[in-house]
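I have placed the structure first, in the form of structure tokens, so that the comments after it can refer back to it.
Reckoned from all heavy atoms, side chains included, excluding hydrogens, waters and symmetry mates.
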Amino acid sequence: MSSTIDAAARARRVPDKPTLDGIEPRWDRTWTEQGTYRFDRSATRAQVYAIDTPPPTVSGSLHVGHVFSYTHTDAIARYQRMRGKAVYYPMGWDDNGLPTERRVQNYFGVRCDPSLPYDPGFEPPAQPPKQPIPISRPNFIELCERLTATDEQAFEDLFRRLGLSVDWSLVYATIDERSRRISQRAFLENLARGEAYQQLAPTLWDVDFRTAVAQAELEDREQPGAYHKLAFHWADGSGDVHIDTTRPELLAACVALVAHPDDARYRDRFGSTVRTPLFGVEVPVLGHHLADPEKGTGIAMVCTFGDLTDVTWWRARPAVALDHRLGRAHHRHRPGGDDRRGRPRRLRPARRQDRQAGPGHRGGPAAGQRRARGRAPPHHPPGQVLREGRPAARDRRHPPVVHPQRRPRRGPARRPGRARPTAHLAPRVHAPSLRELGGRAQRRLAHQPTALLRRAHPAVVPPRRRGPADLRRAAGARARPAAHRPLHRRAHRLRGGPTQPARRLRRRPRHHGHLGHLSLTPQIGGYWHEGGDGHLFDRVFPYDLRPQGHDIIRTWLFSTVVRAHFEHGSLPWTNTALSGWILDPDRKKMSKSKGNVVTPIALLEQYGSDAVRYWSTSARPGVDTAFDEGQMKIGRRLAIKLLNASKFALGTGEASPRAEVTEAVDRAMLERLADLVEEATTAFEGYDYARALERTEAFFWDFCDNYLELVKGRAYGSQGDGPADSARAALALALETLLKLFAPFLPFATEEVWSWWQPGSVHTSTWPQAAALRRGGDPEVYRVGTGVLSAARRAKTEARRSLKVPVELAQVAGTATELAALELVRADVVESANIAALTTATGDELVVAVRLADDA
RNA sequence: GGGCGCGUAGCUCAGUUGGUUAGAGCGCUGCCCUUACAAGGCAGAUGUCGGGGGUUCGAGUCCCUCCGCGCCCACCA
């Protein structure tokens, strides 16, 4: 290609007024059309860089936290792509479960009534009505699908505008068929290997939605309450013992009394029994260290289940044959007890009228509370003898208390006007669980976790978060031997691929979050055992990177490791990058409930995506970061500067075809640039994108302020063709390199400039090589040259004169080395600083004395 | 209550194995329309490195302690 054609082409393509306006949709379209980020399925595992992307919860709102952490991952993805890797970068949407149901109810103003028939013509009103419209279950599911599709589109739009280099042909949703199929397949494998067990365990129960809820769905809320004094009767007839409780309605579910082992008041009674008031059930008195002698009367009733301590106590059942008592105490209502060999029996569902404190009982807990207080006793058990023939009601001697209760997070549509007191703990057969939660493997893991994690230790970024505590405890935290039984009999029912989703949306068993699809994102994202694409999974697994929040190490990270360990005998990824929080100006964690979130789309529109990405990637990995629009302004300025500086560098003129970088200061600049490339590369290899950005940015501003000024005249040809060619070639080389270094951070602006003069996409170009830039330049030449220029500018500024004003005489003192370096850049210095006469003298260090011309 | 982390300029943050006079950007002050950029440029001022103690020739950096803040876990009769 001849230089004239080249120059003409260039002139056409460099705009007179470069702008960032409208840049995002334009390049997003082009990248999609060109398949810029499409995964190369022919790549071998060694050529692949695979990312296990955390699926955002689409039923939640978009917020800057998404922008923040996903940008970090994208910067790494873009770097790896330019390093020549085939980047596997899928995206998933988490749209399972209760949040989706809730959002559908709020959004459309409907509620699901399974008794209604399907209405094929149903359309929700434009505005959600005050009174939720009851609709059939199929109608409700249709709305769920409609809304999640909308939500997913909103997320994709955001992420596209943000410039995430995701391969959008690899999108999955945790609710879609593939995810369910893989999830079930993985579970079958667990079954086949005997890694899954059915286990008796309590589940948190949402009274409103009549479904089990995950712990993560709960929040603490202060509840006003009062102690109610209940009189239990010693079975040996020696009188009463009083219990203070805030939850008298749970009396029917009382299975034991518990006091602290050292409590002298009750120590002698351990092993004996009492009869409950009202129900006359005989329960044991036990000792447990969690009982607090200071609270109430120092002895508490254990119910199945009022709170999580009850669970502990119930599980901890000591040597006393509590299971036996359990059986009697809760004939129909019991959770099952243990069989003769100590294994839990199958749960027998309680009959409705017996669910005094269980899920779904009439009137809810409030009614139960009324009854137990004596206003409306449910019935009079035979032989019940209580003081005054009734349970001791509210005891006014105890002041009202405020105590926190765990309860489901409340959405706006949660039956307005009705205070639903609490999440119940209902004994249920826990959904089949991995041994992770109990049994031999759990014990093995509890001893092995460090070995497991250490053997092929995932590198955790940033390393300081790696504190052995985190990972070790993540692995061993929930070690608790528990009875279990294999589920082989169930296996055949699941065989043959995905089963139907729960026929009834309600009462769908929910796991404790970390056992659901989310622990299988590597398998789902990688099409594990999904036909049609040969060995895709083998090409991406184990993944190279898993980014995630540090708050869910113990849940998500650990469960992903466990499942990969069982399934593949390896870690699911080799690196984990932990991202920090976004903090509002008061240094609080930004969250929806606090109402301090900022809409990310508006930010992207106001500052531009590159600017927001700049703010995001300025934050060190894993560091909590303040939301700072100031940084976005800086980012925008940087992006604009990049356009303008590029326009200038490309506009000085075309280097002749065989141009060489010959001038000393040009070679010196390239030498410094080579150092920068090495530093940025090292930083990226250590996942420290922020350092790479910071160093690149610092170099760039110095490059603009000093190098461009220094060589400007020469590049325009003031010193002849040879020196001009050297400057132009150096400028082109530097610009190309800087665009590449900035590309992971400012994908739009760099691509824009790239398109002015280079073929293809900067994002599929190769990462710069330091060696290709080195020409034996001496950085000292650069330092001295820019130092003298800067001194001349300072003199002019201090004299309040224009920078154009001539320097009549510049006297430079310096070491022999410095003076020798100065001679190599003398012509550029004299020209750029407009120096009439420059003299040199030997000295200890570089000192510049400047005399300005008198004329104004 | 236990664990992890943070505290450096008015603000947001760097500061690597302990090593000259602790840095950057924003903001602030002043100057300059300079043939890429005035939504710009050039230059300047700005510190009890949270407090105290210790180790060391030398501490922002290592140790102890206290104060303040954040998160996770636990507790919540």
Side-chain angles (χ1 to χ4, degrees), chain A residues 14 16-18 220 222-223 225 227-228 230 243-248 250 257-259 290-292 294-303 306-310 312-313 401-406 462 464-470 473-474 477-478 549-555 580-581 583 585-589 615 618-620 622-631 633-634 636-638 640-652 686 688 690-691 694-695 697-698 701 704-705 708-709 712-713 716 789-790 792-805 832 834:
Chain A
V14 178
D16 288 339
K17 265 290 193 193
D220 281 339
E222 291 294 315
Q223 289 296 311
Y227 279 137
H228 302 274
L230 303 178
I243 303 288
D244 283 336
T245 179
T246 55
R247 303 286 302 279
L250 294 177
L257 297 187
V258 174
L290 282 179
D292 183 354
E294 299 298 314
K295 288 191 177 166
T297 57
I299 185 165
M301 59 177 191
V302 181
C303 302
D307 62 31
L308 295 177
T309 315
D310 282 337
T312 304
W313 282 332
V401 294
V402 175
H403 59 116
Q405 279 189 358
R406 284 240 167 75
R464 73 193 120 172
R465 288 273 187 199
R466 182 190 293 166
D470 261 350
R473 241 166 346 93
R478 307 217 174 262
H550 53 68
D551 54 328
I552 50 175
I553 290 172
R554 289 176 196 176
T555 51
W581 298 116
L583 308 172
D586 297 331
R587 306 210 59 79
K588 303 288 186 215
K589 178 187 165 191
W615 158 73
S618 295
R620 254 69 195 169
V623 174
D624 295 350
T625 303
F627 175 74
D628 185 2
E629 293 193 47
Q631 282 294 102
K633 290 178 185 164
I634 309 307
R636 181 171 182 82
R637 203 183 60 160
L638 174 63
I640 292 173
K641 186 82 172 178
L642 193 59
L643 298 183
N644 285 318
S646 301
K647 179 193 165 197
F648 166 73
L650 296 174
T652 53
D688 194 352
R691 178 182 294 271
E694 181 198 60
R695 297 303 155 98
E697 187 193 8
W701 284 105
C704 291
D705 294 344
L708 287 186
E709 293 298 327
K712 188 183 282 186
Y716 277 124
L789 173 60
S790 179
R793 278 195 302 232
R794 183 160 42 244
K796 295 174 186 180
T797 296
E798 283 167 1
R800 305 196 167 192
R801 305 285 293 277
S802 162
L803 291 181
K804 282 195 301 189
V805 73
S832 60
N834 196 10

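Residue-level contact check: S790(A) touches the backbone only, with heavy atoms under 4.0 Å from sugar-phosphate atoms and none from bases. At the heavy-atom level, E697(A) lies nowhere under 4.0 Å from the strands shown.
D688(A) places its CG atom 16 Å from the P atom of C13(B), with the value rounded to the nearest Å. Between E709(A) atom CD and G40(B) atom C1' the separation is 12 Å, expressed in whole Å. In this structure, CH2 of W701(A) is placed 16 Å from P of A24(B), rounded to the nearest angstrom. In this entry the distance linking NZ of K647(A) with P of U35(B) reads 13 Å, nearest Å. If you measure from atom CD of E694(A) to atom P of G15(B), you get 8 Å, rounded to the nearest angstrom. Rounded to a whole Å, the CZ atom of R620(A) is 14 Å from the P atom of C6(B). With rounding to whole Å, D628(A) atom CG is found 8 Å from C26(B) atom C1'. One interatomic measurement links the two molecules: CZ of R691(A) to C1' of C13(B), which rounds to 13 Å at whole-angstrom precision.
Straight-line distance between the C1' atoms of G68(B) and G51(B): roughly 11 Å, to the nearest whole Å. Here, U46(B) and A22(B) have their P atoms 12 Å apart, quoted to the whole Å. Taking atom C1' in both C69(B) and C63(B), the straight-line distance is 23 Å, to the nearest Å. Look at the P atom in both G25(B) and A43(B): the space between them is 11 Å, to the nearest Å. Across the C1' atoms, C49(B) and G2(B) are found 30 Å apart, a figure rounded to whole Å. Comparing the C1' positions of U21(B) and C62(B) gives an interatomic distance of 23 Å, to the nearest angstrom. Going from the P atom of G41(B) to that of U8(B) covers 29 Å, rounded to whole Å. Nucleotides A74(B) and G3(B) are separated by 15 Å at their P atoms, to the nearest Å.
Here the closest non-hydrogen pair linking D16(A) and K647(A) is O-NZ, 2.8 Å. Listed here is the closest heavy atom pair of V14(A) and L650(A): CG2-CD1, 4.1 Å. Closest non-hydrogen pair, R793(A) versus D705(A), comes out as NH1-O, 3.3 Å.
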Got a list of protein N/O to nucleotides 29-31 of chain B N/O distances below 3.5 Å?
| unit_1 | atom_1 | unit_2 | atom_2 | d |
| --- | --- | --- | --- | --- |
| G30(B) | O2' | R800(A) | NH2 | 3.4 |

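The nearest heavy atom of RNA chain B to L789(A) and to G630(A) marks one nucleotide each, and the one closer to the 5' end goes with G630(A). Judged by closest nucleotide on RNA chain B, Y716(A) is the one of R636(A) and Y716(A) placed further toward the 5' end.
Not counting sequence neighbours, the partners of L708(A) by the side chain to side chain contact (heavy atoms under 4.5 Å, CB included) test are A645(A), F648(A), F703(A), C704(A), L731(A). Applying the salt bridge (charged side-chain N to carboxylate O under 4.0 Å, His left out) rule to R695(A) yields the partners E679(A); only residues at least two apart in sequence or on another chain are considered. Remark: E697(A) engages no residue in a salt bridge (charged side-chain N to carboxylate O under 4.0 Å, His left out) (not counting sequence neighbours). Evaluation of the side chain to side chain contact (heavy atoms under 4.5 Å, CB included) rule for A795(A) yields V850(A) as partners, not counting sequence neighbours.
In the set C26(B), C13(B), C42(B), the nucleotide with an atom closest to the side chain of I634(A) is C26(B). The side chain of R637(A) has G41(B) as its nearest neighbour among C13(B), G41(B), A43(B). Checking A77(B), U34(B), A38(B) against the side-chain heavy atoms of K804(A) singles out U34(B) as nearest. Distances from the side chain of R794(A) to the nucleotides G44(B), U34(B), A36(B) place G44(B) closest.
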Pair assignment for RNA chain B - dot-bracket with | for other-strand partners, Watson-Crick or G-U under 3.5 Å: (((((((..((((.....[...)))).(((((.......))))).....(((((..]....))))))))))))....

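Contact annotation: K641(A) does not reach the phosphate of C37(B) (side-chain N/O to OP1 or OP2, under 4.0 Å).
Rounding to the nearest 0.5 Å places CH2 of W615(A) at 14.5 Å from CD1 of I634(A).
At a threshold of 4.5 Å between non-hydrogen side-chain atoms, the residues I299(A) and I243(A) count as touching. Side-chain contact between L803(A) and N834(A) is absent, with no heavy atoms from C-beta onward closer than 4.5 Å.
Salt-bridge formation is not detected for the pair E694(A)/R691(A): no Lys NZ or Arg NE/NH1/NH2 atom is positioned less than 4.0 Å from an Asp or Glu carboxylate oxygen.
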